[in-house]
Amino acid sequence: MRLFFKTGSWIIKSAAAFMAFACAALNYSPLMSGVRSMPGAYYAESGEQLAEAINGSSLPYGLTVAASGSSDESLTGASYTVECRLFGLITIKKAAAYIGQRAYLVPCGQPVGISIYTQGVLVVGLGSFADENGRDVSPAADAGLRAGDIILAANGQSVSTTAELQGLIDGCTGSVTLDIERAGTRRRLDVAPGSLSGGAGRRIGAWIRDSTVGIGTLSFYDPETGLIAALGHAVVDIDTGTLLKVRDGKLVRAQIIGVSRGRAGSPGELHGTFDNESIVIGTVCGNTELGIFGYAEDGFSPDALTAPVPVAYPDEVHTGAAVIYASVDNGGTAQYACRIVKTGRQLGPEQKGLVIEITDQALLDKTGGIVQGMSGSPILQDGRLVGVVTHVFVNDPKKGYGAYAYWMYDTFGG
């Protein structure tokens with residue numbers, strides 16, 4: 001029995017060693033090298049161009065590549081699914097294929113003032129107050145209202161400003177029925193407002209907001225459709241982090257009045273100003289994870305350094321030299337050298353697709369690198385618009401993230 005155990009143990013160990021060797025050999029075989037050589041996604045302007053790319057693939061014996069209409073929900077927005085199969089039978093790898101005419105956009109880089117008015121009103125906090133009987137009450141909290149909720153209607157009437165909501169609360173007796181949106185789901189709450197002493201009105205104990213303003217950078221302009229885009233990331237409420245749903249808004253020309261240089265641990269910031277007399281660039285129609293979008297006013301002329309340029313497909317972007325367009329003083333938009341140090345392989349729209357590093361000494365002297373307010377600055381490489389600046393590395397302001405321009409345009413204008 002003891003001899004049999006040793007023999008069995010030897011066989012098991014040998015089999016395990018053989019399997020490990022076989023897996024390692026397979027991993028470094030021409031077969032697996034061929035699989036790894038497939039791109040994470042294909043981009044083409046037509047089905048014929050996609051077919052040429054697939055037919056031009058150099059794969060070892062046993063592997064075939066074919067495309068079919070996409071029904072895979074994990075491949076967001078893909079026109080086709082490209083499958084690599086072993087002997088035409090076993091699927092080894094899948095890739096998305098995106099088909100669409102290449103866009104030509106004007107890279108901008110000018111500072112803009114942003115004003116956004118929300119759909120409904122946003123609850124940014126809850127509180128309590130002394131009612132007419134001197135009791136400390138918080139009707140909104142008691143009814144289950146939360147910070148981050150969006151109040152869309154009160155007693156069946158739509159609300160879009162704080163004044164409208166207050167007027168409906170003051171004008172009703174008893175409870176007020178609020179239609180709210182929470183994390184994408186609509187629900188209804190009944191809130192019993194409390195009356196202030198001396199007949200000074202009714203309150204529910206909620207801090208609400210119906211608009212926001214800020215400074216950013218205009219990313220690009222589509223001369224064919226009038227589409228304009230800025231920021232490269234969503235506008236969120238400063239208190240709750242909630243993505244603001246846009247009712248309407250506008251982009252106006254802003255003036256840079258100063259800059260706080262960035263340093264490790266302390267992001268810098270562009271200081272800008274605009275007012276009601278500032279020249280209107282265009283409307284704001286949408287607020288997404290990849291920036292804000294709208295349409296330019298008639299006669300809009302971007303402060304562009306180039307004519308329209310092609311938008312790069314993500315697989316055309318590579319590490320190496322690039323430039324950004326930005327305005328960091330009142331000298332207007334200028335071109336600054338940078339380097340793309342990392343490219344991400346994405347199957348759908350995401351903010352952090354690129355990592356860039358500022359190498360232009362003039363910009364480093366002025367700002368220390370990427371600062372707040374430069375979000376949306378276009379990134380160009382090889383004569384193509386490849387992305388826009390989105391975030392700065394807090395501990396290394398020379399570096400920051402960028403979103404692919406392809407996904408940014410596709411999100412709203414593609």
Side-chain angles (χ1 to χ4, degrees), residues 105-112 215-221 229-233 253-272 290-291 302-312 314 316-344 351-406 408:
L105 305 174
V106 178
C108 296
Q110 68 193 61
V112 290
I215 295 285
T217 297
L218 192 66
S219 303
F220 57 73
Y221 164 64
L231 290 185
H233 61 72
R253 290 185 178 270
Q255 181 182 9
I256 301 298
I257 58 176
V259 59
S260 298
R261 295 183 76 256
R263 53 183 56 87
S266 178
E269 182 180 4
L270 293 179
H271 301 289
L290 290 181
D303 299 335
L305 300 180
T306 69
V309 299
V311 174
E316 294 173 331
V317 186
H318 58 86
T319 57
V323 297
I324 67 169
Y325 292 172
S327 180
V328 296
D329 53 33
N330 283 325
T333 303
Q335 175 178 302
Y336 299 101
C338 69
R339 186 167 62 94
I340 297 175
V341 298
K342 184 178 180 181
T343 60
Q351 285 183 5
K352 299 176 180 179
L354 306 169
V355 175
I356 69 167
E357 180 178 13
I358 302 299
T359 58
D360 195 295
Q361 193 58 50
L363 184 58
L364 292 173
D365 290 342
K366 289 179 181 179
T367 66
I370 298 169
V371 296
Q372 296 178 57
M374 286 172 61
S375 295
S377 297
I379 308 167
L380 284 84
Q381 183 183 64
D382 301 332
R384 301 186 184 104
L385 176 62
V386 302
V388 301
V389 176
T390 59
H391 299 82
V392 60
F393 285 13
V394 174
N395 292 323
D396 186 0
K398 295 191 300 296
K399 293 181 179 179
Y401 287 111
Y404 285 114
Y406 176 88
M408 189 173 175

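Values in this document were obtained by computation on a predicted structure and should not be read as measured data.
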Separation of [Y] [atom2] from [X] [atom1] (nearest 0.5 Å):
X	Y	atom1	atom2	value
D329	I257	CG	CD1	13.0 Å
L231	M408	CG	CE	7.5 Å
T359	K398	OG1	NZ	11.0 Å
I340	H318	CD1	NE2	7.0 Å
D360	I324	CG	CD1	8.5 Å
Y221	D303	OH	CG	12.5 Å

Without swapping roles, check the side chain of [X] against the backbone of [Y] for a donor-acceptor pair under 3.5 Å.
X	Y	answer
S375	T217	no
Y404	G344	yes
Q335	V323	no
Q110	G332	no
R261	D365	yes
S327	G109	no

Original post:
Who pairs with N395 by side chain to side chain donor-acceptor pair (under 3.5 Å), at least two apart in sequence or on another chain?
Top reply: none

**OP:** Check the pair L363 / M374 against side chain to side chain contact (heavy atoms under 4.5 Å, CB included), numbers first and verdict last.
**Re:** CA-CA 12 Å; L363 184 58; M374 286 172 61; 4.2 Å; yes

Considering non-hydrogen atoms only, spot the tightest contact between [X] and [Y] and give its length.
X	Y	answer
G232	Q351	O-CG, 4.2 Å
P267	V392	CB-CG1, 4.2 Å
P397	A264	CD-N, 3.9 Å
A304	P107	CB-O, 3.8 Å
V371	E269	CB-N, 3.6 Å
C108	P378	N-CG, 3.8 Å

Original post:
Hey, are the side chains of V328 and L270 touching, using non-hydrogen atoms and a 4.5 Å cut-off?
Top reply: yes

Subject >> Heavy-atom side-chain contact between E316 and Y406 under 4.5 Å >> reply: no

Original post:
Which one of T306, I379, L385, V389 satisfies the side-chain contact (heavy atoms from CB on, under 4.5 Å) criterion with Y325?
Top reply: T306

**OP:** Start with the C-alpha distance between H271 and S260, add both sets of side-chain angles, then the distance that settles side-chain hydrogen bond (donor to acceptor under 3.5 Å, both in side chains), and finish with yes or no.
**Re:** CA-CA 8 Å; H271 301 289; S260 298; 2.7 Å; yes

Original post:
Do the ring planes of H391 and Y401 sit parallel (below 30°), tilted (30 to 60°) or perpendicular (above 60°)?
Top reply: perpendicular

**OP:** Apply side chain to side chain contact (heavy atoms under 4.5 Å, CB included) to the pair I370 and I356, showing each step before the final yes or no.
**Re:** CA-CA 10 Å; I370 298 169; I356 69 167; 4.1 Å; yes

